Each structure stands twice: as structure tokens, then as C-alpha cells.
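All chains are named by letter (A, B, ...) in the order of the sequence lines, taking the proteins before the strands, and each is independently numbered beginning at 1. Here the structure is a predicted model, which means the values were calculated and not measured.
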Number of protein chains: 2
Amino acid sequence: MTRGLTGARGLTGGGRTPTIREVAEAAGVSRATVSRAFTRPDLLRPETVERVREVAARLGYTPNVVARALSTGRYATIALVVPDIANPFFPPLMRGAQQAADAAGYSVVLGDSDESPAREDVLLTKFAHQVEGVVLASTRMPSARVREHATRRPLVLVNRDIPGVPRVLIDSASGMAQAVEHLADLGHRRLAYVSGPASSWSNQQRRRAVRRVAAARGLEVATVQASRPTYAAGIECTSALLAARVTAVVAFDDAVAQGILAGLSAAGVAVPDDVSVVGCDDVVADTTTPPLTAVSAPTRMAGQLAVEVLLRILGDDDVADTRHVLDSELIVRATTGPAPRTRRRRGTTADRYTDGRRRSLGS
Amino acid sequence: MTRGLTGARGLTGGGRTPTIREVAEAAGVSRATVSRAFTRPDLLRPETVERVREVAARLGYTPNVVARALSTGRYATIALVVPDIANPFFPPLMRGAQQAADAAGYSVVLGDSDESPAREDVLLTKFAHQVEGVVLASTRMPSARVREHATRRPLVLVNRDIPGVPRVLIDSASGMAQAVEHLADLGHRRLAYVSGPASSWSNQQRRRAVRRVAAARGLEVATVQASRPTYAAGIECTSALLAARVTAVVAFDDAVAQGILAGLSAAGVAVPDDVSVVGCDDVVADTTTPPLTAVSAPTRMAGQLAVEVLLRILGDDDVADTRHVLDSELIVRATTGPAPRTRRRRGTTADRYTDGRRRSLGS
DNA sequence: TTGTACGCGTTATCAA
DNA sequence: TTGATAACGCGTACAA
């Protein structure tokens with residue numbers, strides 16, 4: 001066979017990483033001793049450890065993790081699979097995960113499924129051989145398939161609630177409930193929920209929370225479906241919102257809320273004087289104009305916690321079926337205010353900009 | 001020795017991935033034949049390939065990439081090291097890199113150096129054994145150290161110009177030049193450049209471009225240093241900008257520009273009527289209020305190109321010292337407008353909000 | 001306390 | 001066209 005990468009440049013060539021054998025020869029010991037100097041120094045005489053390490057350092061030796069993985073099955077690597085790296089919800093999560101892994105000496109291989117369940121499936125089977133476990137965020141796969149993958153490798157879910165599979169959940173419902181209470185307190189009687197992807201666990205959770213609290217407080221809720229959870233889609237659904245004649249809008253996430261802010265601004269509707277707007281996730285919320293009232297989700301913590309749970313599973317064997325729930329909370333900024341007291345004519349300012357369509361109430 | 005992960009659950013246990021040997025036995029062929037059925041099917045009789053693949057599929061066999069890596073030295077993995085995942089500049093870059101790698105069957109391990117050169121160094125040595133090559137973005141390491149790492153593993157830089165090391169550069173200078181021309185055409189005579197990290201290659205490049213074109217067009221340039229390239233720092237330096245009595249501001253990046261927008265808004269200064277603002281990178285620019293005029297950097301393309309260059313190096317041997325430059329361009333939106341024609345009194349509106357300090361011109 | 005020798009799962013060489 | 005077998009670099013029973 002041709003030599004592997006490390007050997008490809010000849011024994012004396014520059015830039016090559018030496019192997020355990022070369023260190024052994026240089027130090028005048030066996031390969032096993034070199035190995036132990038790094039993994040089980042307690043089994044060796046202190047002088048030996050020191051001598052071996054010194055030689056290793058001089059030669060620039062570092063243990064080959066791949067060879068070690070093949071031998072031990074410990075890859076010191078986990079996979080992190082997300083639907084879309086560029087979605088601002090995920091970078092903080094990735095960072096939390098990355099740092100937790102790093103702190104434990106683990107590497108992170110990254111998978112971007114491009115929002116496709118089929119791609120998730122491909123990535124997961126691909127990673128099965130090179131990682132010890134996987135953190136799967138906001139998966140769109142069917143529960144059965146997720147369970148299958150979970151039997152092949154330790155797997156921790158983020159924002160997907162499948163009994164039997166360890167999971168870390170961000171309870172945006174708690175924050176959403178606060179948001180609706182907040183709006184009710186401000187005198188709003190009629191609000192809209194702008195819905196995200198139908199298959200999204202988070203969306204279902206948020207929609208339900210809004211409906212529940214609204215019902216409890218006697219508010220009417222119109223549901224408007226955003227085509228995608230994006231800024232552009234937020235702008236698009238503005239006219240539908242105006243047609244729905246609401247005084248407050250709770251959006252699926254910040255991007256949509258931000259789009260709605262832009263759409264309202266373009267339509268000459270004042271925020272929060274005419275309409276109040278609430279976002280969710282709080283990833284960009286404090287950099288909008290005006291600063292967005294939003295439900296703050298501890299995404300970074302979720303990433304960190306997911307990795308910690310995974311590493312715990314990798315350590316012990318039975319931390320099975322853990323379910324961690326992280327609370328969210330409403331951060332009140334400048335896009336929510338008292339409901340407009342009076343309507344000057346039969347129609348509000350908003351009427352001038354509606355497209356005439358009306359959305360049904362309640363769904 | 002203890003069995004590895006794949007063997008840990010016994011030969012018949014569920015969830016285990018079968019090895020090449022089991023497929024060979026089940027198909028009644030040798031391990032070599034199974035291997036060839038996947039890597040060199042042209043060497044086998046079609047019927048054999050088909051039979052082996054069928055058995056493999058039935059057993060759920062997939063080649064173990066780690067074992068393959070140990071044998072061939074081809075890891076089918078590259079590393080991507082960035083200073084900060086959560087910095088909005090990087091996710092698009094990461095995504096481009098990820099997808100290019102994915103298209104070639106490569107995995108990406110992710111490193112976040114937390115803006116620390118020392119961490120970069122640690123990550124790079126750690127990854128040396130598990131990847132074929134690395135893409136290093138916006139590194140803060142000294143050139144000599146980067147060169148050293150580049151001799152150990154194929155390495156492609158993004159946004160760092162070190163001769164001898166393959167690199168992909170985003171020429172923000174071209175866009176910055178356009179920005180200054182644009183402002184000059186609008187009648188501005190006095191502008192500020194809000195500077196980013198002093199050690200940043202991009203910052204040096206941008207500052208120079210602004211100065212050069214400003215000089216050519218006879219504009220005065222005040223330089224204001226932002227403490228960090230963040231939204232908060234942008235807000236902070238607003239007072240200094242007002243004190244500098246400029247009618248236009250060119251910011252190091254979008255985050256700073258966005259902070260400046262907020263700061264100006266809070267100070268009652270109208271954009272673009274009183275002051276024009278230009279951002280750079282264009283990562284959030286079209287979601288600000290008003291939409292930010294910005295220099296658009298093809299970050300996603302940079303990530304993609306960097307990986308393509310790396311893979312090319314991994315393929316052939318001598319693509320050495322390539323230097324790809326990607327142009328940027330100015331996207332004019334709503335934060336730039338004609339310079340205010342007249343000053344109504346001795347002072348502009350802005351004077352009411354300055355802190356009295358003045359910044360020196362030219363630096 | 002240290003060395004010997006085998007196995008991890010795969011690919012490549014050589015022979016058949 | 002296929003099979004037997006030696007690597008790849010490391011960890012670890014077992015023996016010394």
C-alpha cells in the first residue's frame with residue numbers, strides 16, 4: 001500500500017509528525033512505554049515518563065487520534081447537526097456546544113442539513129463512524145427515524161421532544177405566555193400570532209402558548225402563516241396583519257418580527273403607538289430600531305447543556321431519557337405599548353394600507 | 001484490549017454497525033472483495049459488485065472512515081477555524097465552506113478560537129492528526145507561526161495575506177473606495193472612518209482605501225477608534241463622531257454601523273438627512289431601519305472558494321502560493337444621502353448632543 | 001516497572 | 001477477476 005499522510009514525505013522530511021515508534025527508538029524504550037507515558041503515566045517510573053515526554057516534545061510528537069480511535073473506539077469527537085448555520089438562532093447554540101466540547105477535549109464536526117430531513121439522515125449515518133455521539137438540533141426527521149439513529153449512537157436532541165431520547169428543550173412557551181400577559185395588561189384585546197414552519201416543535205409550542213393565555217385573558221387571536229421564518233416573509237405578511245385589524249403581533253421568531261417592523265414602517269403604521277410587536281429568540285432583538293420586545297431564549301446555554309448531557313452519557317452508561325427544559329423570559333423593550341385607546345373613524349390608519357383580504361380568526 | 005465502540009455491544013446486539021469482515025462472510029467473499037466493491041468496482045465482475053452491495057445494504061454496512069483513514073491517510077475531513085462563530089460575518093462563510101466540503105464528500109470539524117491566537121495554535125496542532133487540511137479564517141497569529149502550521153498540513157487562509165501561503169482575500173478596499181466616491185458625489189466634504197481591530201488585516205485595508213480615495217477627492221477624514229467591532233461599541237463612539245462634525249460615517253463593519261445608527265437616532269440626528277452612514281460586510285445590512293448602505297462582501301463565496309482551493313491542493317500537489325481576491329461592491333440603500341447643504345446656525349443639530357471632545361483629523 | 005504481541009477495520013500489494 | 005496478507009499507529013492483556 002502507499003504510505004499514509006504522515007509517512008508520505010519520507011522519514012526525514014520536514015513537516016511530518018513522528019510516530020510512536022520513532023519516539024520509542026529515540027528514547028530507547030518500547031512503543032508501549034511511550035504510549036503509557038501519555039495515557040497511563042501512573043504505571044511508569046517518573047523518570048521514564050519525564051524522559052519519554054522530553055524526547056516526544058523535542059520531536060514534536062503528538063498521539064495520532066485516528067489510530068487511537070480505531071484501537072479504543074474513543075474518537076474524542078462529537079457531531080453537531082443543525083438545519084442552517086446561517087440562521088441567527090444557531091450560531092450561539094453552536095458556540096455553546098463548541099466550547100463545552102472543547103473544555104472536555106472533544107472536537108466538533110459540523111453538519112448543515114439545509115433544513116432537509118433527508119440530508120439529516122445522510123449526515124447522521126455518515127458521522128456514525130467518526131464520532132462518539134451527536135447533538136441534533138431542531139430536527140425535522142420523523143420521530144421513528146430519530147429513535148433509530150439514537151440506538152446507533154448516543155444522541156441528544158435540542159428543541160425536539162421525543163420520549164426515550166435525551167433532549168434539551170427551550171421552553172419558549174413560558175416566555176410567550178408572559179408576552180401575551182404583557183399585551184393583555186397593556187389593554188390589547190385582539191392580537192395576531194405569525195406562525196413559523198408547521199413541522200417545527202417550537203412553532204407548535206409557541207402557538208399553543210399564545211392561544212392558551214389569550215383564551216384565559218379573553219383576547220382574540222388571529223393566526224397568520226409566514227411562508228418561511230425569514231425577514232422577507234415577515235415583510236410579506238404585513239398586509240395580512242393589517243387586514244386582520246389587530247393591535248398587537250406576536251411573531252414566531254425575531255427575523256419575522258423584524259420583517260414585520262419594516263413592513264409596518266413602510267405602511268406608515270407606528271410601532272408601538274398603533275401596533276405592538278413581540279419577537280422570539282432574542283438573537284438580534286436589541287439591535288433593531290426600535291429595540292424589539294422579545295422572548296429571550298437561552299440558545300447558547302442549550303448548546304452547552306446538550307453537549308454536557310451527551311458527554312455524561314458517554315461517561316456513565318445510564319443517563320437515559322433525560323429531559324432538560326430551559327425557561328425563556330420576556331424582555332420588554334420598545335416595540336410594545338398600550339393598545340390604542342380610540343379608533344378615530346370606522347377604520348384605523350392601517351386600513352389605508354391593507355390589501356382587502358381578511359384572515360379567519362382562531363387559526 | 002477492550003473492544004472498540006462498534007464491538008462493545010456484542011456481535012448480535014442491536015444498533016451495531018457491521019464490519020467488512022462480516023459482510024465478507026455473509027457474501028461468501030474475501031474482505032478485499034468487499035472493499036473493492038465500494039472503492040474500485042471496476043476491478044470486479046458486475047455480478048459480484050451487485051451481490052456484495054446487496055448483502056452490505058441488508059446488513060446496514062457502511063465503510064468505517066476512521067479505519068480507512070488510518071490505512072490510506074485520507075481522512076475526508078478538513079478543519080475550519082474561525083475567531084468567533086457568533087460573529088455574523090462568519091456563519092455565511094462557514095456555510096459556504098461546509099457545503100463545498102460536503103459536495104466533495106468531506107466532513108468539516110469546527111474550531112472557534114475565541115479571537116485568541118494561542119487558542120488558534122492549540123486547535124491547529126490538535127487538528128493536525130484528524131484532518132487532511134485546514135481553512136483558517138481571519139487569523140490573528142503571527143505570520144511566522146502561520147507559515148509553520150502551513151508546512152505541517154495544507155492550509156488555506158481567508159482574509160490574511162501571507163505570501164507563500166494559499167489565501168482567499170475579500171477585497172473590501174474596492175467597495176470602500178466606491179463608498180467614498182459615492183459620498184463625495186453626494187457632496188460630503190468631511191467624513192469619519194470608524195476603525196476596527198488594529199491587528200486586523202481587513203481593517204488596515206479598509207482604512208487605507210478610505211484615506212486614499214478621500215485624498216484623491218479632496219475630502220477630510222477623521223478616524224475614530226471603536227473599542228471592539230460590536231453594536232455596543234458603535235453606540236459608544238457616536239458622541240465622538242458628533243464631536244468630529246462630519247456629515248458622513250464609514251464604519252469598519254455592519255455591527256458598528258448599526259450601533260452608530262442607534263446612537264444617532266438616540267441623539268436625534270436624522271439619517272441620512274443630517275449624517276450618512278455606510279457599513280461593511282453586508283451581513284445584516286438589509287434588515288436595519290433604515291436599510292443600511294453597505295459594502296457587500298462575498299463571505300459565503302470566500303468560504304466556498306477556500307475549501308475548493310484546499311481540495312485542489314489535496315488533489316494535485318502544486319497549486320502553491322495561490323492568491324484569490326474577491327471583489328466587494330457598494331450596495332446603496334437608505335442610510336446615505338446628499339450632504340446637508342446649509343448649517344442653520346453656527347452649529348448643526350448634532351451639536352446639542354456632543355460631549356465636547358474633538359478628535360484630531362487624519363488619524 | 002517494562003516489553004511482547006495482538007487487534008481495531010480498512011486498503012493495497014502480490015499471487016493465484 | 002479474486003484471495004491472502006501486510007501494513008496504517010495506537011492501546012492493552014499478558015508475560016517478564
Side-chain angles (χ1 to χ4, degrees), chain A residues 1-11 16-25 27-52 56 59-76 128-130 132, chain B residues 1-11 16-25 27-52 56 59-76 128-130 132:
Chain A
M1 69 180 294
T2 57
R3 301 293 300 275
L5 272 185
T6 69
R9 288 165 209 172
L11 286 174
R16 205 179 61 80
T17 302
T19 71
I20 201 173
R21 151 171 263 129
E22 298 170 53
V23 177
E25 285 170 3
V29 296
S30 74
R31 289 173 300 163
T33 302
V34 177
S35 174
R36 287 194 267 255
F38 286 93
T39 53
R40 299 293 310 272
D42 51 300
L43 295 179
L44 261 40
R45 222 171 47 209
E47 309 115 71
T48 313
V49 174
E50 194 184 355
R51 183 160 46 94
V52 170
L59 266 47
Y61 169 80
T62 35
N64 183 322
V65 292
V66 169
R68 172 182 291 172
L70 187 58
S71 177
T72 61
R74 298 211 51 246
Y75 295 73
H129 277 303
Q130 46 191 322
E132 289 182 43
Chain B
M1 69 179 295
T2 57
R3 302 291 301 274
L5 272 186
T6 72
R9 289 165 209 170
L11 286 173
R16 207 180 59 82
T17 303
T19 71
I20 200 172
R21 150 171 265 129
E22 298 169 52
V23 177
E25 285 170 3
V29 296
S30 73
R31 289 174 296 161
T33 301
V34 177
S35 174
R36 287 193 269 255
F38 285 93
T39 53
R40 299 294 309 274
D42 51 299
L43 295 179
L44 259 41
R45 222 173 45 209
E47 308 114 70
T48 312
V49 174
E50 195 185 355
R51 182 160 46 95
V52 170
L59 267 47
Y61 168 79
T62 36
N64 183 323
V65 292
V66 170
R68 174 180 290 171
L70 184 59
S71 178
T72 62
R74 300 209 49 245
Y75 295 74
H129 276 304
Q130 45 190 325
E132 290 182 41

Can you tell me the distance, in whole Å, between the [atom1] atom of [X] and the [atom2] atom of [N]?
X	N	atom1	atom2	answer
A:Arg74	D:dG11	CZ	P	11 Å
B:Tyr61	C:dG9	OH	C1'	8 Å
B:Ile20	C:dT10	CD1	P	5 Å
B:His129	D:dC8	NE2	P	15 Å
B:Gln130	D:dC8	CD	C1'	17 Å
B:Glu22	C:dC8	CD	C1'	13 Å
B:Leu70	C:dG7	CG	C1'	12 Å
B:Arg68	C:dA12	CZ	P	9 Å

[X] near the nucleic acid: base, sugar-phosphate alone, or nothing, with a heavy-atom cut-off under 4.0 Å?
X	answer
B:Arg36	base
A:Arg31	base
A:Val29	sugar-phosphate

*Over all heavy atoms of both residues, which pair between B:Pro18 and B:Gly60 is shortest? Give the atoms and the distance, please.*
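Heavy atoms only, the tightest pair is CD-O, 3.7 Å.
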_Please find the pair of heavy atoms, one from A:Ile20 and one from A:Tyr61, that lie closest to each other, and give the distance._
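Between these two residues, the closest heavy atoms are N-CE1, 3.6 Å.
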Given [N], is OP1 or OP2 found less than 4.0 Å from the side-chain N or O atoms of [X]?
X	N	answer
B:Ser35	C:dT11	yes
B:Arg45	D:dT1	no
B:Ser30	D:dG3	yes
B:Thr48	D:dT2	yes

_Looking only at the side chain of A:Ala67 (C-beta and beyond, no hydrogens), which of the listed nucleotides D:dG9, C:dA12, C:dT2 gets closest?_
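Of the options given, the side chain of A:Ala67 lies nearest D:dG9.
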Sub-3.5 Å donor-acceptor pair from the side chain of [X] to the main-chain atoms of [Y], do we have one?
X	Y	answer
B:Ser71	B:Ala67	no
A:Tyr75	B:Val66	no
A:Thr33	A:Val29	no

*For the side chain of A:Ser71 and the base of C:dG7, is some donor closer than 3.5 Å to an acceptor across the two?*
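By the distance-only test, yes, there is a pair.
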